[in-house]
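Residue numbers start from 1 in every chain, and the chains themselves are labelled A, B, ... in the order their sequence lines are given, proteins ahead of strands.
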Amino acid sequence: MLKTLVLLTVLFLPLPVHALDGTQLLKQVDRNLNPESYESYRKLINIEPDGRKKEYTLFTVKKGVDKIASLFIAPASEKGRSTLRLGENMWLYIPNVGKPVRITSLQSVVGGIFNNADILQLDYASEYNVEKVEETDREYLLHLKAKTRTVAYDRLKFCADKARKLPTRIECLTETGMLIKTIYFKKIKEFGGGIVRPAVVETDSPLYKGYKSVMIFAGIKKRTLKDEIFTLTFMPNFDSLR
Amino acid sequence: MNTFRLTTLSLFLGVAILALYVNDAFSEEYGFDISEVEKKPYHLGGYIEFRPVLFGLDRDAALYKLKFYNRDEGEIIGEYNGKFQVDGSLEKGIGRLFVRINSDYRNSYQGDSFLTTFYEGYLSLKPSSSFSLAMGKRSLRWGKGYAWNPAAFLDRPKDPEDPELSQEGFIVASADYIKSFSGPLQTLSLTPVLLPVYDGLNDDFGKLHHINVGGKLYLLLYDTDLDFIFLTGGSKTTSWGFDVSRNITTNFEMHGEFAFLSGFQKRYLAPDGRILAREFDATSWLAGIRYLTEQDTTCIVEYYRNGVGFSGGETRDYFAFVNGAYDTYRATGDDDQLRKAAGLAEVGYGRMNPMRDYLYARVSQKEPFDILYLTPAITAIVNLNDGSFSLSPELFYTGITNWELRLKGTLLEEGSLTEFGEKQNDFRVELRVRYYF
């Protein structure tokens, strides 16, 4: 009887431990990438094959694992627009239209390769399960599977630096394994308050050959935020948080 | 040897300068200084717009006869429109003053006109993130429908052909209370509104000498937006309604609105030319979807039941009356009946989508052929009661920072005694150039 118990323990114990390690690792990477609650300023640049660029500047606040909101500060044509995400619910507020409308994660409020889910990215661990973890000398490769069908990408191949536990490259795939886009994390920078993370996030896509979109972070800091900020009613007032 | 050294040095310097240039270009490309986004206590912005329009007139249509019975402007007329809209705000502590002023210029066959309107102008106080007060002229824009909002009792009706245009508000006092929860109910917010109607104060809202009370209760419940809305007070009939919106998948959204109007009074034209009034309880509702395909095609489809609208028979009677009035004018020179018909157009028959059942469908393709920021679209508005429709193809381009270009055409179905067939135009082509500052 005792032998049987030992055998069962040996057979089944490694699986959950391995899965737990992957999940813990992903949570660690999430935390290193962003504090749980923070504010940030970032610039989004869409670059066309001929070098032409279009830039957007956003102020973003995030709280916990499922609340994030962004306000467009520039250019003038976008100023005052705001986006809100609560879990898989997303809204866009346009000052001229005067009311928030629901948007979907696969749409893009800025055009180019970044879609709404990329711009309003939640913690990866809140949206994905870790199916498998592979290791090389310098990197972890996490194979992630979306927890629900409402997540923008069904699968991610998530490469993370072993020493810093920060993402270096993420391949976003469909359910059938087709590559939608690759996201590259570059230029590790000290933002103060113990936040050390990539300052530049680039993406390209085989679906948009020659095009590139870049996100540059200029400031990230921890901030305590009330839940009521992350509501439709508050959307027209996001600018008051700056 | 010296020549070789000089050449090598030149090459080295050239490469170094190039490297510096490349490095500068790289820094320039990725440069972002936090000082660029420093917030100021005031804001001034807006846009300036130029919009030339070409109208192809339908000289047999009833509404053409109503407008042009005593003049001949040919078959095609042009019009130049200019718009200047400016937003300004000033913030101090918990207070914020916001103003939106709209100026429209028009040069048409009727001459020049210029109109400046305060669209909005209000003071808001926000003592906390969960409570705020506002007083002044505001556009509330309630409801979830894209083209129509039957439950937006406190707003002016929007133009389904351009539903995203900003609108003039009403002078109101309002408050917002927000509470967040964990669990199936994530958000609750309450917005009570007072809207007084007196001489010179919201006098185009409804009957004078009433203080109207309205409100909205918003819930985010089980990932679904729900609004419960009401209005009472005497200037308009007491109304209540609700709207709902939910993302079904990452690319599929559903929404709807319902409105109940108690004791709505409708004026309509009898076949013998008498103006009759009828009072009844009306229900209006809307159901719609927004769907994004894998090819980045967005489809918006809405069905609208307008419970206060005219029936097919009532509309046919009206158009037949206009045609008869026009024949009388041609025979006798008496335009009394035409003037009577024009008066009725203002109270109902001439307003946007005056009948009962409509279908709105808009298909837009994001960035076709990898052309960034270009969005071609086609919009159809179908009157399901008489089968008439309008069809509007458009090209929308936002590739130049702070500029928007839109080329839009509209074709109207030409059926006799139908809503779109009896409009004054057969087609319309317009270019809209907007610059934001």
Side-chain angles (χ1 to χ4, degrees), chain A residues 41-43 45-48 52-55 57 59 73-77 79-80 86-90 94-99 101-108 111-112 117 149-152 187 200 208-211 214 216-219 226-234 237 239-240 242, chain B residues 29-34 36-37 39 43 45 47 87 91 96 126 128-130 132 139-144 146 163-167 176 178-180 186-187 189 191 218 220 223 225 245-247 249-253 255 290 292 298 366-367 370 372-373 398-399 401-404 434 436-437:
Chain A
Y41 286 93
R42 56 190 164 145
K43 188 177 271 187
I45 309 172
N46 288 332
I47 304 164
E48 296 180 54
R52 282 202 305 155
K53 293 187 290 187
K54 193 165 182 194
E55 299 185 355
T57 308
F59 169 73
I73 299 167
S77 56
K79 190 168 179 164
L86 287 177
E88 290 313 314
N89 301 292
M90 288 187 196
I94 302 172
N96 272 347
V97 177
K99 66 177 176 185
V101 291
R102 273 191 179 251
I103 52 174
T104 56
S105 56
L106 289 177
Q107 284 178 292
S108 175
R149 293 185 67 83
T150 57
V151 177
K187 290 200 168 185
V200 174
Y208 292 86
K209 284 200 169 66
Y211 291 88
V214 184
I216 308 158
F217 290 81
K226 295 219 167 174
D227 287 341
E228 282 72 22
I229 287 163
F230 300 90
T231 58
L232 253 65
T233 314
F234 196 85
N237 301 313
D239 196 46
S240 66
R242 296 177 63 212
Chain B
E29 187 182 346
Y30 290 90
F32 181 29
D33 189 346
I34 195 86
E36 290 176 32
V37 292
K39 191 183 174 185
H43 157 73
Y47 65 83
D87 301 342
E91 280 185 61
R96 179 173 182 256
K126 200 154 57 59
S128 78
S129 55
S130 57
S132 66
S139 181
L140 296 168
R141 307 296 290 259
W142 290 351
K144 297 293 183 210
Y146 181 74
E164 296 193 350
L165 282 180
S166 53
Q167 289 183 310
D176 279 317
I178 314 169
K179 182 80 185 155
S180 289
Q186 288 175 267
T187 309
S189 77
T191 307
Y218 165 74
L220 177 57
D223 291 329
D225 292 322
S245 174
R246 183 184 168 91
N247 284 8
T249 64
T250 52
N251 59 348
F252 186 50
E253 180 265 355
H255 56 266
R290 186 187 296 241
L292 177 72
T298 300
K366 183 193 157 204
E367 298 166 354
D370 288 347
L372 270 185
Y373 315 114
T398 56
T401 299
N402 291 331
W403 287 86
E404 268 183 17
R434 226 178 234 190
Y436 289 85
F437 57 90

Query raised in the report: Given a strict heavy-atom distance threshold of 4.5 Å, which part of B/His255 is in contact with chain A: side chain, backbone, both, or neither?
Result: neither
Requested in this report: Side chain from CB out, backbone as N, CA, C, O: work out which of these in B/Leu220 comes under 4.5 Å of a heavy atom of chain A, or both, or neither.
Outcome: side chain
**Report entry** Worked check of side-chain contact (heavy atoms from CB on, under 4.5 Å) between A/Ser77 and B/Thr401
**Finding:** CA-CA 8 Å; A/Ser77 56; B/Thr401 299; 5.7 Å; no
Query raised in the report: Do B/Lys126 and A/Ser240 meet the criterion of a side-chain donor-acceptor pair at a distance under 3.5 Å?
Result: yes
Query raised in the report: Top residue by heavy-atom pair count (under 4.5 Å) with chain B, among A/Ala74, A/Pro95, A/Gly219, A/Gly87?
Result: A/Pro95
Requested in this report: Name the member of B/Lys366, B/Arg434, B/Glu404, B/Arg290 that forms the most heavy-atom pairs with chain A at distances under 4.5 Å.
Outcome: B/Lys366
Query - Heavy-atom pair of closest approach, residues A/Phe217 and B/Phe32 - result: C-CD2, 4.3 Å
Requested in this report: Please state whether the side chain, the backbone, both or neither of B/Ile178 comes within less than 4.5 Å of a heavy atom of chain A.
Outcome: both
Query raised in the report: Where on B/Trp142 is there a heavy atom nearer than 4.5 Å to chain A: the side chain, the backbone, both, or neither?
Result: backbone
Requested in this report: Quick one: closest heavy-atom pair of B/Gly143 and A/Lys99, and the distance?
Outcome: O-NZ, 2.9 Å
Query raised in the report: Given the options A/Arg149, A/Lys79, A/Lys54, which has more heavy-atom pairs under 4.5 Å with chain B than any of the others?
Result: A/Lys54
Requested in this report: Select one option (side chain, backbone, both, neither) describing which atoms of A/Gln107 are under 4.5 Å from chain B's heavy atoms.
Outcome: both
Report task. Give a yes or no on whether the backbone of B/Asn251 and the side-chain of A/Thr104 come within a donor-acceptor separation of less than 3.5 Å. Result -> no
Query - Derivation of the side-chain contact (heavy atoms from CB on, under 4.5 Å) call for B/Lys179 and A/Thr231 - result: CA-CA 9 Å; B/Lys179 182 80 185 155; A/Thr231 58; over 6 Å; no
Query raised in the report: So which part of B/Glu164 gets closer than 4.5 Å to some heavy atom of chain A, the side chain, the backbone, both or neither?
Result: both
Query raised in the report: Got a salt bridge between B/Lys39 and A/Asp239, using NZ or NE/NH1/NH2 to carboxylate O under 4.0 Å?
Result: yes
Query raised in the report: Quick one: CG on B/Asn247 to CD1 on A/Ile103, what's the gap to the nearest 0.5 Å?
Result: 8.5 Å
Query raised in the report: Hey, which of B/Asp223, B/Thr187, B/Leu140 has the most heavy atom pairs under 4.5 Å with chain A?
Result: B/Asp223
Query raised in the report: What distance separates A/Phe234 CZ from B/Ser130 OG, expressed to the nearest 0.5 Å?
Result: 9.5 Å
Query - Non-hydrogen side-chain atoms of A/Asn46 and B/Tyr373 separated by less than 4.5 Å - result: yes
**Report entry** Contact class of A/Ser105 relative to chain B, heavy atoms under 4.5 angstrom
**Finding:** both
Query raised in the report: Can any side-chain N or O of A/Arg102 pair as donor or acceptor with the backbone N or O of B/Lys144 at less than 3.5 Å?
Result: no
Query raised in the report: Does any heavy atom of chain A fall under 4.5 Å from the side chain of B/Phe437, the backbone, both, or neither of them?
Result: backbone
Query raised in the report: Measuring heavy-atom distances to chain A, does B/Tyr146 have an atom under 4.5 Å in its side chain, in its backbone, in both, or in neither?
Result: neither
Query raised in the report: Under a 4.5 Å heavy-atom cut-off, does chain A meet the side chain of B/Thr398, its backbone, both or neither?
Result: both
Query raised in the report: Any sub-3.5 Å donor-acceptor pair from B/Asn402's side-chain atoms to A/Ala76's backbone N or O?
Result: yes
Query raised in the report: Using non-hydrogen atoms only, which part of A/Phe59 is less than 4.5 Å away from chain B: side chain, backbone, both, or neither?
Result: neither
Report task. Using a 4.5 Å cut-off on heavy atoms from C-beta on, say whether the side chain of A/Tyr41 contacts that of B/Glu36. Result -> no
Query - Heavy-atom donor-acceptor pair, A/Glu228 side chain to B/Ser180 backbone, under 3.5 Å - result: yes
Query - Shortest non-hydrogen contact from B/Arg141 toward A/Asn96 - result: NH1-O, 3.8 Å
Requested in this report: Please flag which part of B/Thr249 lies under 4.5 Å from any non-hydrogen atom of chain A: side chain, backbone, both or neither.
Outcome: backbone
Query - Spatial distance of atom CZ (A/Arg42) from atom CD1 (B/Ile34) [nearest 0.5 Å] - result: 12.5 Å
